[in-house]
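One-based numbering along the sequence shown.
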Amino acid sequence: MCAVRMHEDELDIDVSVVGRLIAGRFPRWAGLPLRRLESSGTENAIFRLGADKIVRLPRHPRAVEGITHELRWLPRLASGLPTAAPEPLGRGEPGEDFPWPWAVYSWLDGRNPVPGTLEAPRLLAEDLGAYVTALRRIDAAEGPLGYRGVPLATRDRFMREALAQLAGRVDTAAVTDLWEQALRAPEYAGPPVWAHGDLMAGNLLVRDGRLTAVIDYGTVGVGDPAVDLISAWCVLPAEVRGAFRESVGADDAEWARGRGWALSIAVIALPYYWDTNPPVAENSRHVIKEILAESR
């Protein structure tokens, strides 16, 4: 888990700061126990408030929009999902101690799945497929363009820059070849549909091997939904990827774009978080390894 500084413009957020924010904005909760949770998340600091609430605060300026975006769209989506989602309980305003909006949500029990040690991989694959399918069926009219609902080609420059930084640390020639294969996949030509945009292990909660909740809707939006296939390589083992793909109904082009999204997210994150966020870096290496193995 990670509680170190990952971004040059990241704020130091401690219990005393959050306690003052709570007391000022939600005095009825001021006496509840408050503690910071260890997390590999890169965008928000997470604090547990009492037994049934959490507080999420942006760690840096680029994370601010995710909080406001989530507060707007999550209530619209939650009722159509087969798994639990955080319930927004209150919006915090900027104050003397903290310059940006923040939020209080309901606490959800569960733990993050750990790739390679899943209790029931096939059941989790089916649960993920059911979640993705349900999200895609929600009316996308007036939905915002997804942060990752865009063509893969928009990431090409960032991929090339990251690969240059990873020379000697990963098989950049093989990864480049796989990336160029993904870029050749036909672009999405269907109507915009909803996608979560970040179905990594850190945003999934499981109990007894089953998916019980999906969290962090800061990247949710409409567009090409192929990005929501990334769990196939970020979380699931090879032997159940076919079950996940079948449950979602992904054709060859969508599957190729999904794999390209998984690869690009891993590669771009790896040099940035190599030293500052070991869990994210390890998951990135895991994804790259899985995709390389699959290609062989």
Side-chain angles (χ1 to χ4, degrees), residues 6-7 10-11 13 18 21-22 25-26 29 36-37 39-49 52-95 98-110 112 128 131-132 134-150 192-205 211-225 227-228 230-231 234 261 265 269 280:
M6 291 176 282
H7 314 282
E10 183 172 330
L11 293 184
I13 308 170
V18 180
L21 289 171
I22 292 292
R25 182 69 178 88
F26 304 109
W29 297 333
R36 184 164 186 158
L37 299 180
S39 169
S40 61
T42 62
E43 303 298 291
N44 299 288
I46 311 296
F47 292 77
R48 187 160 185 178
L49 178 63
D52 58 357
K53 302 175 186 65
I54 65 162
V55 187
R56 295 179 67 218
L57 306 96
R59 299 175 74 135
H60 58 91
R62 294 171 304 287
V64 175
E65 183 179 354
I67 289 284
T68 57
H69 181 85
E70 180 176 61
L71 289 173
R72 178 179 181 185
W73 295 104
L74 180 53
R76 171 174 170 174
L77 300 173
S79 63
L81 300 174
T83 59
E87 178 187 358
L89 301 177
R91 174 188 170 111
E93 301 298 333
F98 191 75
W100 306 314
W102 47 281
V104 180
Y105 299 83
S106 59
W107 169 264
L108 294 172
D109 285 323
N112 300 130
L128 282 165
Y131 171 86
V132 170
L135 181 57
R136 292 179 176 187
R137 288 175 176 163
I138 297 174
D139 183 6
E142 302 180 0
L145 176 64
Y147 168 63
R148 291 171 173 164
V150 295
V193 296
W194 285 102
H196 177 278
D198 199 18
L199 293 180
M200 309 282 281
N203 290 328
L204 309 177
L205 296 178
L211 182 68
T212 59
V214 177
I215 62 175
D216 195 345
Y217 285 75
T219 56
V220 73
V222 304
D224 178 4
V227 66
D228 275 355
I230 64 174
S231 292
C234 299
W261 273 105
I265 292 169
V280 169

Crowding at CZ, R76 (>12 non-hydrogen neighbours, <6.0 Å) = yes
Under 6.0 Å from the CD atom of E93, do we count more than 12 heavy atoms belonging to anything else shown?
-> yes
Mark yes or no for whether R136, through its side chain, and P225, through its backbone, hold a donor-acceptor pair below 3.5 Å.
-> yes
Give a yes or no on whether the backbone of L204 and the side-chain of N112 come within a donor-acceptor separation of less than 3.5 Å.
->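 Checked: pair present.
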Looking at [atom1] of [X] and [atom2] of [Y], how far apart are the two atoms once the value is rounded to the nearest 0.5 Å?
X    : Y    : atom1 : atom2 : value
L77  : Y217 : CG    : OH    : 7.5 Å
T219 : R148 : OG1   : CZ    : 6.0 Å
W29  : L49  : CH2   : CG    : 7.0 Å
H69  : Y147 : NE2   : OH    : 12.0 Å

Taking every non-hydrogen atom, the tightest pair across I67 and A103 |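 I67 and A103 have their closest heavy atoms at CG2-CB, 4.3 Å.
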Taking all heavy atoms of N203 and all of D216, pick out the closest pair and write down the distance.
-> OD1-CB, 3.3 Å
Is the closest side-chain heavy-atom distance between W194 and W73 below 4.5 Å?
-> yes
How about W107 and K53: do any of their side-chain heavy atoms sit closer than 4.5 Å?
-> no
Is there a donor-acceptor contact under 3.5 Å linking the side chains of Y105 and E70?
-> yes
